[in-house]
Number of protein chains: 2
Amino acid sequence: MGEKHTTEVSAVNRTIRIIETLRDLQPAGVTEIANAAGQTKSSVYNHLATLENEGYVIKTNGEYELGLRFLPLGEAARQRLSVYRAARAEIEQLGRETGTNAYLSVEERGLATVIFRHLENEIDLGSIGTTVPLTTSSMGKAILAQLPVERVDEIVDRHGFPRMTESSIVDRGALDEELEQIRQQGFALDKGEHVKRLRGVGAAILGPDGEVRGAVSVAGPERELRGPFFEEELPDAVLDVTNVIELKLMENMSV
Amino acid sequence: MGEKHTTEVSAVNRTIRIIETLRDLQPAGVTEIANAAGQTKSSVYNHLATLENEGYVIKTNGEYELGLRFLPLGEAARQRLSVYRAARAEIEQLGRETGTNAYLSVEERGLATVIFRHLENEIDLGSIGTTVPLTTSSMGKAILAQLPVERVDEIVDRHGFPRMTESSIVDRGALDEELEQIRQQGFALDKGEHVKRLRGVGAAILGPDGEVRGAVSVAGPERELRGPFFEEELPDAVLDVTNVIELKLMENMSV
DNA sequence: GATAATTGTTCTTTAGAACAGAACAGCTGT
DNA sequence: ACAGCTGTTCTGTTCTAAAGAACAATTATC
């Protein structure tokens with residue numbers, strides 16, 4: 001068993017654990033973080049000192065917090081996505097005009113990551129950077145419906161069917177049926193599959209090459225999203241927007 | 001000289017260098033990054049593999065990019081600032097109503113960091129997470145004017161007077177005079193001190209405790225920002241907004 | 001206000017990890 | 001088909017990262 005050539009840098013894994021712990025606990029002290037991350041005080045202390053020195057962590061009267069130097073990294077990560085640049089303004093307009101929360105998400109590592117949102121009401125499905133399973137949201141299903149079968153297989157193998165609510169899809173048969181329907185109608189509905197009583201309408205954004213680039217969705221409470229508003233108006237609005245974004249993506253090609 | 005007990009974790013510093021290099025070069029390959037960061041191929045390879053495993057780096061057909069997992073870290077860093085939550089909507093409105101780019105920034109480690117912006121024109125002074133010296137921008141000067149002298153000393157010691165343009169403030173005497181004037185009129189003007197021909201109007205946001213929490217500014221090209229619009233209308237608008245934000249910060253206290 | 005308890009910081013030691021460099025493999029382009 | 005890349009694996013050595021104890025500083029408790 002000396003064959004396992006660990007190409008991993010364990011000090012980096014440690015730092016990542018510390019940062020993620022801090023994200024959830026901030027502001028927090030050395031001991032608190034060490035306990036939560038299952039590491040020793042002295043080690044955590046050294047890591048925090050290193051991070052602080054580079055501005056990735058800030059110490060304010062004895063407690064640590066994440067530094068603003070993480071901002072440009074997150075920003076660089078989403079700015080590299082042309083769909084982000086093309087969709088931003090459209091998402092805002094969509095939210096304003098429909099009076100719902102509007103989201104832009106992309107698939108990364110088998111999860112839908114929210115990269116932009118416009119809030120109109122306070123029932124929020126997740127802030128920037130939140131990830132949701134592809135099987136339990138309108139955005140996720142809209143994306144899945146456009147991915148090649150092999151990718152769907154991969155993703156399902158990796159993440160399974162997380163049962164977020166009692167309405168969540170929990171087997172492959174049901175998923176395939178639903179995806180087929182989504183492909184036919186062009187949009188996906190979420191009737192409380194991710195969060196109970198939270199509904200959503202999503203549609204995929206395709207690039208000029210025909211590949212999925214992400215998805216747009218609007219979401220809100222069951223009480224507001226029902227009847228023709230939920231089943232016709234919103235789908236129409238969402239499809240209009242994805243359409244505009246797709247056109248923008250084509251224009252960008254020629255630039 | 002064996003006395004220097006290095007409390008720093010050098011592997012972490014290495015990873016940071018790699019990440020920052022990748023931020024500037026993405027998409028990039030192993031060799032490219034190794035050269036730019038002054039490290040060996042094999043080491044960079046191992047670090048990237050570790051980061052990729054955690055989703056902080058993504059490999060797409062042989063090239064590396066920053067992963068979206070950085071997004072929630074940056075988001076957590078700014079969400080912890082109450083001024084961000086209080087100011088967001090006001091900044092957007094300010095920008096829309098004045099037809100200029102509007103910014104929110106806070107001081108961290110002696111620099112003004114842009115944490116939110118609303119764009120109206122394309123002459124942008126920096127995206128989310130950008131840092132600018134406190135001495136060369138309206139936001140920075142507005143903040144400096146409200147800091148205790150000792151902090152100003154510290155900051156000037158650390159960062160000096162970066163000469164961004166020929167109008168930049170380059171000595172302490174001129175700075176003190178300017179800060180005094182800013183305190184009297186309540187706002188700061190930037191006449192091309194950061195970027196030539198780029199003007200700005202900024203004002204500090206004070207917390208209920210009287211401490212600076214950040215600054216608001218609007219910015220645009222010299223041609224548009226001049227006369228009474230630059231010297232009266234915009235200052236009035238910016239002061240109105242900082243006032244509203246300050247009131248919001250007080251409300252939040254009682255919650 | 002004295003003492004106990006807890007947290008942050010420094011120090012020392014040692015196992016083992018990170019690194020460099022070389023070797024190999026897989027592409028790309030010519 | 002071959003040359004010159006790049007990415008990946010491997011191996012040995014050095015020096016670092018980590019643990020634990022000791023100390024200092026701070027906070028809590030009575």
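Letters A, B, ... are given to chains in the order of the sequence lines, protein chains preceding strands, and every chain is numbered from 1.
In this structure, B:Leu66 and A:Ala76 approach most closely via the heavy-atom pair CD1-CB, 4.0 Å. Closest non-hydrogen pair, B:Ile143 versus B:Ala215, comes out as CG1-CB, 3.7 Å. Contact record, B:Thr7 with A:Ala49: OG1-CB, 3.7 Å, taken as the closest heavy-atom pair.
D:dA19 atom C1' lies 12 Å from atom CD of A:Gln39, rounded to whole Å. The nearest whole Å value for the distance from the CD atom in B:Glu32 to the P atom in D:dG7 is 8 Å. Between the OH atom of B:Tyr45 and the P atom of C:dG26 there is a distance of 13 Å, given to the nearest Å. Per the geometry, CG belonging to B:Asn35 stands 12 Å off P belonging to D:dC5, to the nearest Å. Rounded to whole Å, the distance from CG on B:Asn13 to P on D:dC15 is 18 Å. The CG-C1' distance, from A:Asn46 to D:dG20, rounds to 13 Å in whole Å. A straight line from CG of B:Asn61 to C1' of D:dT6 spans 14 Å, rounded to a whole angstrom. The CD1-P distance, from A:Ile33 to C:dG8, rounds to 8 Å in whole Å.
Side chains of B:Leu25 and B:Glu32 form a contact here, defined as non-hydrogen atoms less than 4.5 Å apart.
Between A:Glu63 and B:Gly38, the one whose closest nucleotide on DNA chain C sits nearer the 5' end is A:Glu63. Comparing A:Val12 and A:Tyr64 by the nucleotide of DNA chain C whose heavy atom lies nearest to each, the residue mapping closer to the 5' end is A:Tyr64.
For C:dT9, one of the phosphate oxygens OP1 or OP2 lies less than 4.0 angstrom from a side-chain nitrogen or oxygen of A:Lys59. OP1 or OP2 of C:dA18 has not a single side-chain nitrogen or oxygen of B:His47 nearer than 4.0 Å. Taking side-chain N and O atoms only, A:Thr7 has no distance below 4.0 Å to OP1 or OP2 of D:dT9. Distances shorter than 4.0 Å separate some side-chain N or O of B:Arg14 from OP1 or OP2 on C:dC19.
Taking the six-membered ring for Trp and the full ring otherwise, the centers of B:Phe116 and B:Tyr103 sit at least 6.0 Å from each other.
One donor-acceptor pair, N or O on each side, does fall under 3.5 Å between the base of C:dG8 and the side chain of A:Lys41. Side-chain to base pairing of B:Ser42 with C:dG21: one donor and one acceptor N or O lie within less than 3.5 Å of each other.
At the heavy-atom level, A:Ser10 lies under 4.0 Å from the strands shown only through sugar-phosphate atoms.
For B:Ala11, counting side-chain heavy atoms from C-beta on, the closest listed nucleotide (C:dA20, C:dA18, D:dA18) is C:dA18.
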